[in-house]
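Notes to accompany the following structure.
The chains referred to below are lettered A, B, ... by the order of the sequence lines, with proteins before strands, and numbering in each begins at 1. Below, all heavy atoms of this structure are taken into account, side chains as well, without hydrogens, waters or symmetry copies.
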2 protein chains.
Amino acid sequence: MYSKELLKGTLTTIILKLLSHNGKMYGYEITQRVKILSDDKILIKEGSLYPALHKLKDDGLVKTDEEMVGNRVRKYYSLTEKGKLCTEEKVNELHQFIGTLQNILTDKPSIA
Amino acid sequence: MYSKELLKGTLTTIILKLLSHNGKMYGYEITQRVKILSDDKILIKEGSLYPALHKLKDDGLVKTDEEMVGNRVRKYYSLTEKGKLCTEEKVNELHQFIGTLQNILTDKPSIA
DNA sequence: CAATTATATATAGAAGTTCTAGGTATAACT
DNA sequence: AGTTATACCTAGAACTTCTATATATAATTG
């Protein structure tokens, strides 16, 4: 389990990217998928996930539709058109940031 | 300039790594070094740096000594023994986190 | 030589994200 | 029957970083 602070700033991008890759997902599914993809090192808590999803919806980046599964309602999240554009930008930015971080961790200037 | 959130959780590791690499540095020098290493994409503000440095000192990871430069006092920060151990751990953790992030961004499980 | 910019340290309060802890409910397993 | 997994949600706390501000010296520029 990584120290919690590391996730800050990347959670939204992670959610968007998973939605982009899988089409539609529900909340619990996202937490489990991240758990698996991270080999149990990133455990997203509900108290982190749902506020993040709701903010994404408020911002118009995701939309929801509900399906009945057995006796209960399952809420699926998927990207809007705006969300698709934003995902691409955010993933690019994160990739660049990772590159910059690696330069700093080796104390090498990005510019040759 | 990256969105501010990305830096969260990594600033302390960045500072520790720079101190580890350069022996001793003063505050302003750290901001300028990060600016150069990141090709102007990470601009650490004073309001971020000094609280972070003071916390590192409170936690016993860095120590300070002051030198006169011209007419003014310059405060140098350097790693304590505890700080050196902690730096190694934190840098390793960050490297692993970056690896995990890259798996997630391609939606590939870490475990084969 | 006056004004601006760069150097240099610091703090208070705001803003934002994620976590802890709690609540609710169904389904599956033992 | 009791526990665990599934599934959604919220309030308030905790933490980090930022904005804005204060102070002061040194160097540059018009």
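Here the C1' atom of nucleotide C/dA10 and the CD1 atom of B/Ile44 are 16 Å apart, to the nearest Å. Taking atom CG of A/Leu7 as the reference point, atom P of C/dT20 lies 12 Å away to the nearest angstrom. Here the P atom of nucleotide D/dA5 and the CD1 atom of A/Ile36 are 14 Å apart, to the nearest Å. Whole-Å rounding puts the A/Met68 CE to C/dA25 P distance at 15 Å. Between the P atom of D/dT6 and the CG atom of A/Leu43 lies a distance of 14 Å, rounded to the nearest Å. Spacing between atom CZ of B/Phe97 and atom P of C/dT18 amounts to 10 Å, rounded to whole angstrom units. Distance A/Leu6 CG to D/dT17 P: 11 Å, rounded to the nearest Å. Note: NZ (A/Lys45) to P (D/dT6) measures 16 Å, nearest angstrom.
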Protein within reach of the bases, or only the backbone? For nucleotides 4-9 of chain C, mark each nucleotide 5' to 3' as B, S or -, using heavy atoms under 4.0 Å.
---BSB

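Side-chain nitrogen and oxygen atoms of B/Asn71 include none within less than 4.0 Å of the OP1 or OP2 phosphate oxygen of D/dA24.
Here the rule is salt bridge (charged side-chain N to carboxylate O under 4.0 Å, His left out) with B/Glu67, and of B/Arg74, B/Lys24, B/Lys75 only B/Lys24 fits it.
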Decide side chain to side chain donor-acceptor pair (under 3.5 Å) for A/Lys63 and A/Ser78; before the verdict, give the C-alpha distance in whole Å, the side-chain angles of both, and the deciding distance to 0.1 Å.
CA-CA 6 Å; A/Lys63 58 183 172 358; A/Ser78 57; 3.2 Å; yes

Is there a side chain to side chain contact (heavy atoms under 4.5 Å, CB included) between B/Val73 and B/Met68 once you walk through the steps?
CA-CA 5 Å; B/Val73 177; B/Met68 287 306 296; 3.4 Å; yes

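A donor-acceptor pair under 3.5 Å is absent between the side-chain atoms of A/Lys57 and the main chain of A/Tyr77, judged by distance alone. Put simply, the side chain of B/His21 never gets that close to the backbone of B/Lys17: no donor and acceptor are under 3.5 Å apart. Under the 3.5 Å distance criterion, the side-chain polar atoms of A/Thr80 are matched with a main-chain donor or acceptor of A/Leu61.
Counting any heavy atom pair closer than 4.0 Å across all strands shown, B/Leu49 reaches no nucleic acid atom.
Side chains of B/Leu16 and B/Leu79 form a contact here, defined as non-hydrogen atoms less than 4.5 Å apart. With a 4.5 Å cut-off on side-chain heavy atoms, A/Tyr2 and B/Gln96 count as touching.
Heavy-atom distances to DNA chain C give each of B/Pro51 and A/Gly9 a nearest nucleotide, and the one nearer the 5′ end belongs to B/Pro51.
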Review item, nucleotides 13-15 of chain D N/O atoms under 3.5 Å of protein N/O:
none

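Under a 4.0 Å N-O distance rule, the pair A/Lys90/A/Glu93 does not qualify as a salt bridge.
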